[in-house]
Amino acid sequence: MERPFRYIREDSSWPGRSANLEDLNAQHRHWLDTVAKPRVHATAGRIVAEAYAEEKPALKPLPLVPYRSLRKLERRVSHEGMVSAGGNPYSVPDTTRRPILDVHVAPDEIRIFEDAALIATHAPSKAATAARWIRRIASRDRLQSVVGSGTDQPIVLHGADDRVARRSLDFYDAVARRLATFQGGAR
């Protein structure tokens with residue numbers, strides 16, 4: 001049946017003629033027994049009650065554990081070392097080499113894979129905003145060790161867990177020169 005809810009709502013005079021739940025259930029049971037079950041299904045060409053009786057032994061009970069939904073995505077790694085899921089960026093380790101990664105989005109966890117190997121996990125952000133960067137400071141330590149001066153101290157912004165290192169302009173100049181080297185060699 002393609003549109004069972006619409007059929008029930010329109011053909012059974014749903015929501016009913018009474019606000020009493022017992023009366024509504026009785027009306028619905030009467031409609032099921034006298035209209036819905038004995039009718040010939042338009043597509044299958046069979047009586048609904050007979051088709052159900054044949055299929056009922058093959059039906060299995062629902063599992064006792066809740067269904068765990070999982071959305072699988074492919075995402076491109078940004079220049080900042082982030083992938084996007086649900087409108088929010090999530091960091092990947094600096095050791096990541098592939099430009100496109102597999103991202104598995106579950107209700108309680110974001111898992112990022114490179115060549116089927118788990119490389120990062122994150123708690124999903126509740127607020128979908130590009131301005132909120134979800135990242136692990138440890139995944140950015142490699143860049144610091146390459147061009148840092150060792151005097152960097154983290155600063156907490158807005159009282160959140162987002163931290164930014166205080167760096168001299170020499171640091172950013174070194175990063176720009178290194179990026180220019182990479183971009184110049186790729187042409």
Side-chain angles (χ1 to χ4, degrees), residues 1-78 80-93 96 98 100-136 139 156-163:
M1 183 180 289
E2 291 183 17
R3 296 178 292 189
F5 300 108
R6 183 175 178 187
Y7 172 69
I8 292 169
R9 193 172 48 243
E10 291 176 1
D11 198 61
S12 70
S13 300
W14 191 257
R17 298 173 295 277
S18 170
N20 180 337
L21 183 59
E22 290 175 15
D23 184 43
L24 284 174
N25 283 334
Q27 290 175 43
H28 188 68
R29 172 60 50 204
H30 176 73
W31 173 80
L32 283 172
D33 294 339
T34 61
V35 177
K37 289 181 179 179
R39 75 182 174 90
V40 175
H41 191 274
T43 305
R46 300 177 63 199
I47 295 175
V48 173
E50 292 174 4
Y52 176 70
E54 285 178 27
E55 294 173 5
K56 188 175 180 180
L59 297 176
K60 296 179 182 177
L62 292 173
L64 296 177
V65 295
Y67 176 73
R68 182 170 164 83
S69 64
L70 180 68
R71 190 173 60 186
K72 295 181 178 183
L73 310 168
E74 284 187 348
R75 291 293 186 249
R76 181 171 294 280
V77 179
S78 71
E80 295 83 15
M82 311 291 266
V83 294
S84 178
N88 293 300
Y90 297 92
S91 66
V92 300
T96 303
R98 295 182 56 92
I100 297 177
L101 303 175
D102 294 318
V103 179
H104 294 185
V105 180
D108 59 343
E109 185 176 48
I110 308 291
R111 302 176 104 203
I112 304 169
F113 295 86
E114 181 178 30
D115 294 327
L118 180 65
I119 59 170
T121 60
H122 296 277
S125 172
K126 301 292 183 212
T129 169
R132 182 171 176 201
W133 291 89
I134 301 168
R135 55 184 262 168
R136 293 182 181 172
S139 68
V156 177
L157 300 178
H158 308 295
D161 290 336
D162 298 334
R163 296 177 184 267

Sequence neighbours excluded, which residues qualify as ring-ring contact (aromatic ring centres under 6.0 Å, His included) partners of His30?
-> none

So, for [X] and [Y], which heavy atoms are closest and what is the spacing to 0.1 Å?
X	Y	answer
Pro124	Pro107	CG-O, 3.4 Å
Ile112	Leu118	O-CD1, 3.5 Å
Ala120	Pro93	CB-CD, 4.2 Å
Asp102	Glu74	OD1-CG, 3.6 Å
Pro57	Ala53	CD-O, 3.4 Å

Listed partners of Arg46 passing salt bridge (charged side-chain N to carboxylate O under 4.0 Å, His left out), at least two apart | Glu54

How long is the gap from [atom1] on [X] to [atom2] on [Y], to the nearest 0.5 Å?
X	Y	atom1	atom2	result
Tyr90	Met82	OH	CE	10.0 Å
Gln27	Leu32	CD	CG	12.0 Å
Ile110	Ser91	CD1	OG	12.0 Å
Leu101	Thr96	CG	OG1	6.0 Å

Can you find a heavy atom in the side chain of Leu70 that is under 4.5 Å from one in the side chain of Val105?
-> no

Side-chain contact test, heavy atoms from C-beta onward, threshold under 4.5 Å: evaluate it for Tyr52 versus Leu59 and give yes or no.
-> yes

Among pairs that include at least one residue of residues 107-122, which meet salt bridge (Lys or Arg N to Asp or Glu O under 4.0 Å), considering only residues two or more places apart or in two chains?
-> Arg68-Asp108, Arg98-Asp115, Glu109-Arg111

